[in-house]
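Here the structure comes first, spelled out in structure tokens, and everything after it is commentary.
It should be emphasised that the depicted structure is a prediction, and the values quoted were computed from it without experimental measurement.
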Amino acid sequence: HRQLSANFAKRVVTLAPGTSLPYRAEDWRDALVVVEAGEVVVECADEGSRSFPTGAVLWLAGLRLVALHNEGTEPAVLVAVSRRRAPPGPDDPIMPCAGR
């Protein structure tokens, strides 16, 4: 709920109970991610996984991940804060801002 400096961008991703979000490295580039509510399970490309509860601070950039899952009964809310980038150009991908 705090105001960020104009040098930073905040993105909130909500995963409904029982849903998943495919991992796209560019979605998490340069971002510190806090699990604001619920619990998120990070699925690794090597078939392992790890759970992170409310309050966990994550760095998801540059990892070999497959997806983020919410296996709980309440929404999992992730808040990602990154340095603000230049406005997207015509060839830049559009990053989704909401979980599935």
Rounded to the nearest 0.5 angstrom, the CD-OG distance for E43 and S49 is 7.0 Å
Is there a side-chain contact between W28 and L78 (heavy atoms, below 4.5 Å)?
-> yes
Separation of K10 NZ from L32 CG (nearest 0.5 Å) = 14.5 Å
Determine whether V13 and L21 make a side-chain contact, defined as any pair of heavy atoms from C-beta on separated by less than 4.5 Å.
-> yes
Residue pair V77 / V12, side-chain heavy-atom distance below 4.5 Å | yes
Does L63 belong to the same Ile/Leu/Val/Met/Phe/Trp/Tyr cluster as F52, with side-chain heavy atoms less than 4.5 Å apart forming each link?
-> yes
Could you walk me through whether V35 and L58 pass the side-chain contact (heavy atoms from CB on, under 4.5 Å) check?
-> CA-CA 8 Å; V35 180; L58 311 172; 4.2 Å; yes
Does T54 reach the main-chain N or O of G38 with its side chain, forming a donor-acceptor pair under 3.5 Å?
-> yes
L15 versus H69, closest heavy-atom pair with distance = CD1-C, 4.3 Å
If you look at every heavy atom in P17 and G72, which pair is closest and at what distance?
-> CB-O, 3.4 Å
In the single-linkage hydrophobic clustering (I, L, V, M, F, W, Y; side-chain heavy atoms under 4.5 Å), do W59 and L65 co-cluster?
-> no
Judged by atom type as modelled, is there a donor-acceptor pair below 3.5 Å linking the side chain of R11 to the main-chain atoms of D27?
-> yes
Do Y23 and V66 have side-chain heavy atoms sitting under 4.5 Å apart?
-> no
Does any non-hydrogen side-chain atom of V33 lie less than 4.5 Å from one of V57?
-> no
